[in-house]
Each structure stands twice: as C-alpha cells, then as structure tokens.
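To find a chain, count down the sequence lines: A is the first, B the second, and so on, and within it residues start at 1.
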Amino acid sequence: MSKGRLDDYLFSAQKPKVEPKTQVETPPPSFMEAVRQEKRTRRSFEAPPTLPPSYFVSATYNGDRARAVVKLYEPKSKKIYFWHDTTGHKPYLFTNLSPIELEKLDRVINHPGFDHFETVEKYDPLLWRNLALTKVVAKDPLAVGGRPTGCLRDVIPQEWAKMDKDQQAKVWEASIKYYQCYIYDRQLAPGMIYSVENKELTEAKHETSEENIKEIQTLFTEEPKEFLQPIENWARLLEYPVPEFRRVALDIEVETPTIEIEGKLTFRVPDPRDADHQVICASLLGSDGKKRVLLLKRAGVREGVEKIPAEISVEYFDSEGKLILAIFEALWDYPFLITFNGDDFDLRYLFHRAQKLGIRRSEVPIELGRKNCLLCYGVHIDLYKFFFNRSIQIYAFGQKYRDVTLDDVGDALIGLTKIELTKGLNDLTYTELARYCLRDAEIALKLTTFDDDLVMKLILAITRISRMPMEDVSRQGVSRWIRNFLQFEHRRRGMLIPNTDDILAVKGKTVTKAIIKGKKYKGAIVVEPHPGVHFNVAVMDFPSLYPSIIKVYNLGYQSILCPHEECRFNKVPDTPHWVCTKSQALESLLIGSLRDLRVKWYKSKARDNTLQRELRSWYSVIQAALKVILNASYGVFGAETFDLYCPPVAEATAALGRHSITQIINEAQKLGIEVIYGDTDSIFLKNPSESQINSLAKWSEKELRMELDVDKVYRYAVFSSRKKNYLGVTLEGTVDVKGLTGKKKHIPPFIKESFDLMKTRLSRVKSPSEFEDAKKEIKNIIRDSYLRLKRREWKRIDDLAFNVVLGEAPEHYVKTTPQHVRAAGILKEKGYALKAGDLISFVKVVKEPHVKPVQLASNSEIDVEKYIGYLHSTFDQVLDALGLDFNEIIGLTRLERFM
DNA sequence: GCGGACTGCTTACCT
DNA sequence: ACAGGTAAGCAGTCCGCG
C-alpha cells in the first residue's frame with residue numbers, strides 16, 4: 001500500500017495541500033451493473049474483489065448467506081461496501097461433555113441447526129488449568145442461543161440432566177452475539193482501516209501513525225515487556241486516522257390528533273406500531289450540504305409566509321407513498337443516518353407506515369428490531385440513545401445538558417432550540433411545518449458536527465476500544481464496552497470466558513460493611529473539612545486512582561483470592577482478601593495500560609498547542625473517551641449486571657483507595673502540612689510550600705507506587721462543616737462550587753440568581769483584607785433578595801419554581817408522596833401525560849397541599865415564608881464560614897423597613 | 001389529638 | 001444496567017402526654 005494514497009484518509013488538516021493525482025479506482029462496471037440488477041429484487045452492496053482502504057464500521061450476520069458480513073466505509077467515494085466472510089466461520093459454544101456423551105443426546109445431534117463437534121483445549125482462568133472441551137458448532141447463530149427455547153445452550157444441560165444426575169453439563173460462551181464472536185475469533189478491529197485484496201479482508205497500515213506508536217513506546221521502556229504489548233495495541237487503535245462521515249439527519253412529522261388542556265395545545269404522540277396517521281413532512285439535511293424538506297400536499301393547507309432559505313430544496317408530493325419512497329431513496333444512499341429517537345419513532349413509524357401503504361419490502365431500507373431500527377445499507381446512529389448514556393452525559397459533556405430532549409441537548413451543546421409551536425401541527429402552513437421540521441433535523445445534524453465532529457469521533461474512538469460495531473457503541477452502556485474488550489482479549493490468549501455464576505462461586509462475595517444501607521461493601525473516605533476561609537489551598541490528587549490501583553495491585557477476577565498458598569500473605573488492607581503474586585490479571589493489564597496511556601500521552605497531547613488543531617481535537621476526543629471508560633472501570637466489577645462481576649475485586653479496589661488516601665494524609669501531616677479536606681482520591685493542603693508538595697509527591701511515587709499531582713490551586717477556599725460542600729476561587733478568578741444548594745439545578749431561579757451574584761462578588765476577592773468589602777456587598781445581596789420576596793416583587797412566577805425530575809412514573813410512588821409527585825398528580829388530573837424522566841415545575845403555596853404546578857399557580861398564592869427559609873439554608877452553607885449570620889442580616893432590614 | 005424525635009424515601013450532588 | 005458517600009427536605013411513624 002503506497003503511503004500517498006493512504007494519506008487521503010487523514011483528516012483534512014493532515015492532507016497535503018495539493019490534491020494527489022492518484023484517483024481511487026471506481027469499482028469495475030460489471031460490479032456496478034450487478035448492483036443495478038440486484039437492486040430490482042434485493043439491493044446488494046457487495047465489495048469488489050479489490051477495495052481501497054476503508055473503515056470497518058459495522059458487522060452483522062447475513063441469514064441468507066449464513067455468514068458474517070462486515071460493513072466497510074470507503075471514505076473517498078463515501079460509500080459502504082459489504083464484505084462477506086470467506087473463511088467458513090460458524091457459530092459455536094463450548095461444553096464439558098465429550099462428543100461421545102453428546103452423541104447420546106438426540107435433541108442435540110438432531111437439532112436442525114447442529115453442524116458438528118470438535119474437541120479443543122481451553123485455559124480456564126478460574127481453575128488455572130487447561131480443560132478438554134467440546135466445541136459444538138452450529139449452522140446458524142439462533143441455534144446456539146437467542147431463541148426463548150430449544151437452543152443448544154439450553155438443550156445440552158437439560159438433556160444431560162435426564163441422563164446423568166452426578167455430572168453436570170456446562171456450556172460456555174453461548175450468549176455472545178455471533179458477530180462479536182466473529183470479531184474476536186478473527187481478531188478484527190472495528191473502526192480501523194481495512195482493504196479488500198483478492199476478495200480477502202486485509203488490515204491497512206498507516207505509516208505516520210506507526211511512527212507515533214514507536215514514540216509512545218519509548219515512554220514505557222521501564223515497564224515489564226508484558227505491559228508493552230497492550231500499550232502498543234491500544235496506541236494503534238487510537239492513533240490511526242479518522243474519516244469524514246458522510247451522513248444525513250432525518251426528522252419526520254406525522255399528522256397528529258391534538259387535545260387542548262388548560263388553554264394549551266398538547267399533542268398525542270402517534271404510536272409508531274399502529275402508524276395510523278399520515279407522514280406529512282420530512283427533513284433530510286446532509287453533511288454534504290444538501291438540505292431538503294419533503295412536504296405532503298393536503299387539502300386546505302396554505303402556503304404560509306415564512307421565508308425558507310434559498311439553499312433548501314422544498315419538494316411537494318401528491319402522495320404519501322411517494323414521499324416515503326423519497327426518504328427511503330436517501331437511506332439507500334447515505335452511509336450514515338442521524339436521528340433523535342429514530343429507533344423508537346421515526347424509523348419505526350416509517351417501517352410500519354410503508355407496510356400499510358403496501359410498499360415492497362425490498363424498497364424499505366430499515367431492519368426492524370425489538371429495541372432498535374437499523375439500516376440495510378448504512379449505519380444508523382440514534383442520538384437520543386447516545387446522549388442518554390449517563391457516562392457520556394457526565395464525563396464527556398460535563399453535565400451540560402440535564403434533560404435528554406432534542407431541545408435541551410441542542411440548547412446546551414450548540415445553542416439551538418426547537419421552534420415553539422403556537423398551534424397544532426396539523427394547522428400549520430406548509431412553510432411553518434417545513435421550518436419546524438427542518439430545525440429538528442438541523443439540531444440533530446449539528447449535534448454531530450460541532451467541535452470538529454466531536455460526537456462522530458467519540459463514537460469511533462469507543463468503537464475501536466470496545467471492538468464493537470458503531471451502532472452498538474452508540475446504543476449500549478459503558479459496561480458493555482468494557483466487557484467486550486475484555487472478552488476480545490480472552491480469545492486472543494486462548495482463555496475460556498468464564499460464566500458469571502462461576503466467578504461468584506469461586507471468588508465469593510464481599511466482607512466489608514457499607515456505610516449506606518443496602519450497599520454491598522464499603523467505599524471511599526471523605527475527610528472531615530476544616531470550616532472557615534483558607535487562603536492558598538493546593539489540591540493534590542491521584543490521577544485515575546482506581547485504575548492505578550487495579551494496575552499496581554494486580555486486581556482482576558483471576559488474581560483476587562487465587563488458589564496459591566504462597567500468595568496468601570499478599571493481603572489487601574482492611575479485608576481478608578489476598579492477591580496473586582505470580583501472574584498479572586487481564587483487567588490489571590488492560591485497564592492499567594489504558595490508564596497509563598491517557599495520563600502519560602493523551603492528557604498532554606490534548607493540550608499541546610504546537611499540534612495542528614484537528615489533530616489536537618482528535619487527541620482530546622481520545623482523552624475524553626478514555627476518561628469515560630476508565631471512570632467506570634472499577635464500578636463494573638461491583639455491578640451485578642456485568643458479565644465479569646466480581647465483588648471482591650470491587651471491594652479490594654475501594655479498600656486500597658482508602659488505604660492510599662489515609663497513607664498520604666498521614667505523610668502530609670508528618671511533613672507539617674495541614675490537610676483541610678479530602679475526598680476519595682484528593683487532598684486539600686493549606687498553604688503548603690513548594691518543597692512540601694514535592695516531598696509528598698516523591699513519597700507517593702516511592703512508597704505507594706502512584707503518582708500524586710497538583711490538580712489545582714485555590715487563591716482561597718471556603719468550607720463549612722459539611723462534606724462534599726465547598727467553594728474555591730482559583731488563581732485566575734474562576735469559582736468552583738461543589739455540592740452547595742445554590743448550584744443544584746432544582747432550586748428556584750430566584751434563589752439561584754442571588755447565589756450567583758454572591759459567587760461573582762467572591763471571585764473578585766484577592767486577599768484576606770479584601771474580604772471585608774465583599775462581606776458588606778454580600779449582605780446587601782441577601783438583604784435585597786429577602787426584601788424582594790417579602791414585598792412579593794419577583795419578575796415571573798417561573799422564577800420561584802422548583803424543577804424536580806420524576807424518577808418514576810407517578811403511580812409508582814407507593815411508600816411516600818414527595819412534593820414533586822404531588823404536583824405531578826395535580827397535572828395528571830388535568831390531563832397531562834407524565835412519565836419517568838419528566839421534569840416537574842412547581843411552586844410552594846400557602847394552601848394545602850402546599851404545592852402547585854407552576855402552570856396552574858398565580859402570584860398571590862405563593863408561600864413567601866417557605867422561600868425565605870430556602871434562601872436562608874442556601875446561604876448558610878457559605879455564611880457560616882464567613883462569620884455572617886442570615887438572621888442578623890435580614891434582622892437589620894426589619895428595623896430599616898420601619899424607619 | 002398533637003408535637004418532637006426519629007427513620008426512611010427521594011433527589012441531586014461528589015469522587 | 002459502573003460504584004459508594006453525603007446533604008437536604010419532606011413523608012410517615014412512634015411515643016409520650018394525666
């Protein structure tokens with residue numbers, strides 16, 4: 001492969017200025033002819049015998065051909081090609097029964113999906129020895145598992161139990177999706193570059209990236225050589241270039257019955273399974289700049305006066321069928337489709353509507369799943385699922401959006417909101433409808449283009465790390481990502497993937513007692529804060545503490561409580577557990593190497609201003625992806641839903657975390673440093689000297705074998721006696737607020753605003769002497785808010801609304817009825833449909849039951865005293881430390897008022 | 001029958 | 001379908017009280 005051609009696949013900033021002359025071969029005409037012919041019956045996008053470097057974006061199983069199929073995105077033509085397996089790979093499971101024993105089981109050998117037996121040796125990591133197993137090979141994946149009854153994975157143990165009561169029949173690896181099994185067995189890397197040569201799938205090398213990988217390796221020369229291989233493997237996955245994704249955002253509008261509640265119009269969302277109503281509009285916005293809005297001609301609908309920008313092509317259809325076929329045409333064309341909730345609405349609706357209208361199945365580009373809707377040709381990314389992911393929400397986007405709605409996510413990330421409707425969807429003019437629908441598609445598209453295609457790159461980075469197809473990455477949680485790369489590594493090393501029950505049976509449960517009732521084991525330590533205002537506070541932390549512990553202390557399901565007598569001395573403090581000293585656990589190796597790579601390479605590269613902007617942006621994406629995965633990498637071992645669930649591993653990790661912070665606090669005190677606060681992995685040091693900080697960091701490195709960094713320095717920090725509750729002003733004057741009520745999103749904007757005023761005033765304080773003036777002004781801020789409440793002078797009633805998320809459906813609250821649920825109940829009576837996840841806005845009123853949904857409340861009903869109480873408690877968290885007293889502050893004003 | 005002490009539930013936050 | 005720890009407010013319960 002020549003280097004010049006591969007460079008076409010780099011992001012644009014790395015591209016040579018002059019367009020290279022070499023053109024990517026267009027597929028031979030015979031192939032194109034075949035496509036055209038097949039299109040009439042069933043479309044096919046078979047890769048030609050030679051395909052230039054292309055990105056592995058997805059894998060699935062083709063039932064007709066009974067083989068795995070890989071979707072390859074060729075970035076020059078911006079098309080997807082299908083490559084079908086040529087190796088005859090088949091689905092299978094492992095069992096401890098011998099072929100002779102299995103032969104006796106009629107329901108196995110006569111199973112229509114049964115193919116043949118093979119005898120194999122596999123290393124069992126729980127028993128620490130090889131097992132002789134039988135590989136039961138099947139003709140199709142559903143024969144192994146996936147059907148509710150009659151699968152080989154169920155039939156084998158069932159039938160054997162009838163034959164022999166003493167020996168138990170066991171099966172392994174029978175619940176792995178077939179295409180994942182294929183990826184593992186062929187050691188493929190989704191998201192990476194492959195070409196097709198001589199009909200074979202071939203890894204493509206990228207020289208510039210390979211040079212980076214060499215440079216990265218030099219950072220780890222001190223590490224043992226077993227550690228270098230995972231570093232190199234991760235680095236390759238992360239350093240390789242990223243393509244431009246040609247994509248289209250789709251949004252459809254359906255004629256809806258509207259109902260009126262309290263003078264407001266509410267839509268009844270049409271059921272996509274019934275698909276009873278007409279599709280009246282669709283927007284298709286392409287990353288290629290194509291902007292289309294498709295409108296259904298309907299009797300009595302007027303044109304409208306709104307301006308539709310000239311670059312948008314407005315197309316009218318006299319039949320709904322033609323409109324839907326036009327949408328489908330785009331879905332047969334674009335390699336990537338972006339929707340917001342397309343799995344549950346847009347695509348599902350289109351599928352069923354197409355059926356109703358009698359559109360031929362071969363024209364419908366949608367593969368209907370139970371929980372998702374995939375595409376026959378391209379890759380469908382449902383942004384709702386992606387942004388719903390808690391880890392993505394918190395760690396990749398720093399909680400910028402709280403409601404997973406197109407409106408809220410769009411507003412928070414790209415400052416674009418939905419168009420508000422003043423009348424029902426059915427009553428809109430064509431141009432009003434077009435504008436509304438276009439905006440939704442515009443938000444969806446921009447959510448994937450902002451910050452240099454951040455979202456697409458993030459999905460690609462995780463695709464590579466997790467060894468999963470892009471569709472799955474965007475729909476599944478972080479525990480699946482972690483599980484899959486661990487399973488992949490088991491296969492690489494010929495290790496049997498253990499069953500969850502077996503891990504639990506061999507390694508047992510936890511022994512420590514959690515502080516919180518109902519939790520499984522003891523967690524982290526929070527240091528009692530020293531109340532008051534402290535100047536010059538250095539915050540030191542262990543970067544990625546738990547992943548470090550997993551690496552340094554060799555934690556994993558295999559190494560914890562290993563069978564070796566000689567390892568029993570290697571105890572985990574505060575627990576009876578011990579850890580293996582003989583060989584390194586997979587989790588320790590993989591999570592440890594991923595952590596080191598992030599800390600030693602990507603963290604600094606993401607901030608390196610000497611790099612080209614686009615490269616730096618890719619590095620910050622990797623950095624964010626690693627953060628998301630590493631943050632969850634300890635928690636998964638304590639999660640019952642994780643396939644490699646191992647409570648003692650989670651417990652040992654937390655115990656070693658407590659050990660680490662305790663030790664470091666001890667040492668800090670020995671060095672004469674006052675530790676004013678600490679939480680889990682951080683310590684707050686009061687006015688430490690440079691040399692004290694250095695000594696502590698050195699001690700940590702030497703004695704704990706863990707880095708300890710200065711994370712930030714506060715000009716001053718304000719603590720009350722409450723844990724997880726403080727305010728810090730950095731040297732640059734930005735204010736960090738942690739845990740204070742004034743920051744919480746549910747409190748009324750009225751209170752939040754005065755809290756923010758105080759925050760701004762505090763950011764200007766530079767020295768203890770400047771505090772006095774600030775205190776005076778803060779008193780004024782509080783006094784002013786108090787008086788405005790007393791005099792009932794608020795701008796809008798919404799400013800007094802509490803906004804609380806409904807954690808469950810209203811009827812699900814049986815133990816107690818919290819206030820927001822009470823307010824929800826009132827709304828429900830009025831005909832609003834409410835479900836889990838909805839945000840309830842309510843105000844506090846004088847009359848029973850003391851709450852009212854803000855939509856229904858009027859100013860005169862407000863219980864002012866309640867709000868003053870809230871103002872009080874919100875400010876108290878800071879006033880304590882400043883030596884101020886809320887009652888005194890407002891007490892003064894009471895006198896003033898009567899003057 | 002009422003109020004204070006208490007427990008438990010719920011949400012939002014921190015690491 | 002990552003974990004545990006903490007704060008705050010409120011709902012509901014128990015218990016004492018001639």
Strictly below 4.0 Å, N to O, side chains only: are [X] and [Y] in salt-bridge contact?
| X | Y | value |
| --- | --- | --- |
| A:Glu640 | A:Lys520 | yes |
| A:Arg475 | A:Asp382 | no |
| A:Asp880 | A:Arg722 | yes |
| A:Asp596 | A:Lys551 | yes |
| A:Lys847 | A:Asp863 | no |

Categorize [X] for me: base, sugar-phosphate, or nothing, with a 4.0 angstrom heavy-atom threshold over every strand shown.
| X | result |
| --- | --- |
| A:Phe637 | nothing |
| A:Tyr726 | sugar-phosphate |
| A:Gln476 | sugar-phosphate |
| A:Val737 | sugar-phosphate |
| A:Val821 | nothing |

Answer yes if the ring centres of A:Phe719 and A:Tyr677 are under 6.0 angstrom apart, and no otherwise.
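Here the rings of A:Tyr677 and A:Phe719 have centres that are less than 6.0 Å from each other.
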Establish, yes or no, whether the cationic atom of A:Arg705 lies under 6.0 Å from the six-membered ring centre of A:Tyr553 and within 45° of the ring axis.
yes
Determine, for A:Phe802 and A:Lys844, whether the Lys NZ or Arg CZ falls below 6.0 Å from the six-membered ring centre while staying within 45 degrees of the axis.
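Pair A:Lys844/A:Phe802 counts as cation-pi.
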N or O in side chain of [X] less than 4.0 angstrom from [N] OP1/OP2:
| X | N | answer |
| --- | --- | --- |
| A:Ser479 | C:dC2 | yes |
| A:Ser873 | C:dG9 | yes |
| A:His820 | B:dT10 | no |

Which residues in residues 390-398 of chain A have a heavy atom closer than 4.0 Å to any atom of DNA chain C?
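Residues of residues 390-398 of chain A under 4.0 Å from DNA chain C: A:Ser391, A:Tyr395.
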Out of [options], which has the shortest distance to the side chain of [X]?
| X | options | answer |
| --- | --- | --- |
| A:Lys520 | C:dG4, B:dT15, B:dA12 | C:dG4 |
| A:Ala639 | C:dC2, B:dT11, B:dC14 | C:dC2 |
| A:Lys743 | C:dC2, B:dC14, B:dT15 | B:dC14 |

Could I get the full list of side-chain contact (heavy atoms from CB on, under 4.5 Å) partners for A:Leu884, not counting sequence neighbours?
A:Lys775, A:Lys779, A:Leu879, A:Leu882, A:Ile889
Quick test: give all pairs of protein nitrogen or oxygen and nucleotides 10-12 of chain C nitrogen or oxygen below 3.5 Å, distance rounded to 0.1 Å.
{"from": "C:dC10", "atom 1": "OP1", "to": "A:Lys844", "atom 2": "NZ", "distance (Å)": "2.5"}

Taking side chain as C-beta onward, heavy atoms only, is A:Val843 less than 4.5 Å from A:Tyr867?
yes
Value in whole Å for how far the C1' atom of B:dT15 lies from CD1 of A:Ile683:
15 Å
Restricting to nitrogen or oxygen on both sides, can you table the protein-nucleotides 5-7 of chain C pairs closer than 3.5 Å?
{"from": "C:dG5", "atom 1": "OP1", "to": "A:Gly523", "atom 2": "N", "distance (Å)": "2.9"}
{"from": "C:dG5", "atom 1": "OP2", "to": "A:Ile515", "atom 2": "N", "distance (Å)": "3.4"}
{"from": "C:dG5", "atom 1": "OP2", "to": "A:Ile516", "atom 2": "N", "distance (Å)": "3.1"}
{"from": "C:dT6", "atom 1": "OP1", "to": "A:Lys723", "atom 2": "NZ", "distance (Å)": "3.1"}
{"from": "C:dA7", "atom 1": "OP1", "to": "A:Lys723", "atom 2": "N", "distance (Å)": "3.0"}

Atom pairs, N/O to N/O, protein against nucleotides 4-7 of chain B, distance under 3.5 Å?
none

Could you tell me which residues satisfy salt bridge (Lys or Arg N to Asp or Glu O under 4.0 Å) with A:Asp799, sequence neighbours excluded, listed by chain and number?
A:Arg796
